[in-house]
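Please read the structure below before turning to the comments.
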Amino acid sequence: MIQALDTFSRRVCQACSALSLVMVVVMLVIVVLRYGFQMGWIALQESVTYLHGAVFLLALGYTLQCDGHVRVDVFYRRFSPRRQAMVNFWGTLLLLIPVCGFLLYYAVPYAADSWALMETSKEPGGLPLVFVLKSLIPLGIGILLLQGVSELCRSFLNWRYNTEVQ
């Protein structure tokens, strides 16, 4: 199960890396059009915001897998691997999973309301896909939660059985 969840997070992040490249190209087009030809499109500018949101929200799980989130490790770095696994287990169980549950509790109705309205941009010429953008919030949190379950299992095995599960 750990392997499957890790693979899922990794594949989603690989897709996000492609979105990052698309975002850079679209931003370059926006800059060239604006400063080279005095042209601009709101929809093109909003697409960068959508891509940016997608990249950050969908890569949350993989960032957790790579231990890339901010960690205040004044004491943690001096702990043995077994004690680090214990800290990771309890931190995931008591902090990460409840926070993800709390966020999902509010994010799902928020996205559902947007879908019910088929919410569009308030800007003239903007993208008519605000409901899709808002759907990325619970999706990203869900991916983070799945990776949290993987980390919880890994930390438990490393802590209780003194193994090194990757």
Side-chain angles (χ1 to χ4, degrees), residues 1-72 88-155:
M1 178 176 88
I2 294 172
Q3 205 77 352
L5 291 173
D6 287 350
T7 300
F8 175 72
S9 290
R10 192 175 316 107
R11 295 247 166 93
V12 170
C13 193
Q14 287 169 346
C16 287
S17 66
L19 290 178
S20 295
L21 179 60
V22 171
M23 184 174 55
V24 168
V25 170
V26 171
M27 196 66 207
L28 177 67
V29 168
I30 290 169
V31 169
V32 168
L33 287 175
R34 174 169 291 165
Y35 295 106
F37 300 99
Q38 284 72 44
M39 297 170 58
W41 286 292
I42 298 294
L44 203 55
Q45 293 171 358
E46 285 185 356
S47 68
V48 171
T49 303
Y50 283 50
L51 290 167
H52 193 253
V55 167
F56 277 89
L57 286 166
L58 298 178
L60 286 172
Y62 185 70
T63 305
L64 177 65
Q65 181 182 344
C66 295
D67 200 25
H69 290 283
V70 174
R71 179 191 298 269
V72 180
N88 290 340
F89 175 81
W90 289 110
T92 301
L93 185 65
L94 299 176
L95 295 171
L96 179 68
I97 291 175
V99 167
C100 285
F102 174 80
L103 292 172
L104 281 172
Y105 180 79
Y106 287 101
V108 170
Y110 179 68
D113 289 346
S114 186
W115 273 88
L117 297 170
M118 297 303 281
E119 190 174 1
T120 63
S121 176
K122 292 179 172 83
E123 298 295 324
L127 294 175
L129 301 170
V130 173
F131 58 96
V132 174
L133 180 62
K134 288 185 177 181
S135 299
L136 292 175
I137 298 169
L139 183 61
I141 296 166
I143 292 169
L144 178 62
L145 181 60
L146 288 175
Q147 187 60 42
V149 169
S150 173
E151 297 300 317
L152 185 73
C153 295
R154 177 181 293 109
S155 297

Legend entry - From CZ (F131) to CG (D113), nearest 0.5 Å: 14.0 Å
Legend entry - Nearest non-hydrogen partners of A107 and I137, listed with the distance: CB-CG2, 3.7 Å
Legend entry - Closest non-hydrogen atom pair between I42 and P124, with its separation: CG1-O, 3.8 Å
May I have the list of side-chain donor-acceptor pairs in residues 144-153 shorter than 3.5 Å, sequence neighbours left out?
| from | atom 1 | to | atom 2 | distance (Å) |
| --- | --- | --- | --- | --- |
| Q147 | OE1 | S9 | OG | 2.6 |
| Q147 | NE2 | D6 | OD1 | 2.8 |
| Q147 | NE2 | E151 | OE2 | 2.9 |
| S150 | OG | D6 | OD1 | 2.8 |
| E151 | OE1 | R154 | NH1 | 3.3 |
| E151 | OE2 | R154 | NH1 | 2.7 |

Inset, instruction - Taking salt bridge (charged side-chain N to carboxylate O under 4.0 Å, His left out) as the test, write out the residues that go with E119, two or more places apart. - result: K134
Name the atoms and distances for all side-chain donor-acceptor pairs under 3.5 Å in residues 16-34, with sequence neighbours left out.
| from | atom 1 | to | atom 2 | distance (Å) |
| --- | --- | --- | --- | --- |
| S17 | OG | Q14 | O | 2.5 |
| S20 | OG | C16 | O | 3.2 |

Inset, instruction - Enter the distance from Y105:OH to I141:CD1 here, rounded to the nearest 0.5 Å. - result: 14.5 Å
Inset, instruction - Determine which pairs satisfy side-chain hydrogen bond (donor to acceptor under 3.5 Å, both in side chains) with at least one residue from residues 91-102, sequence neighbours left out, and list them in order. - result: none
Legend entry - Set of residues satisfying side chain to side chain donor-acceptor pair (under 3.5 Å) with respect to T7, sequence neighbours excluded: none
Under 3.5 Å, side-chain donor or acceptor atoms of residues 43-64 against the rest of the protein: list the pairs with distances, not counting sequence neighbours.
| from | atom 1 | to | atom 2 | distance (Å) |
| --- | --- | --- | --- | --- |
| E46 | OE1 | S121 | OG | 3.3 |
| E46 | OE1 | L127 | N | 2.7 |
| E46 | OE2 | S121 | OG | 2.6 |
| S47 | OG | L44 | O | 2.5 |
| Y50 | OH | V130 | N | 3.3 |
| T63 | OG1 | A59 | O | 2.8 |

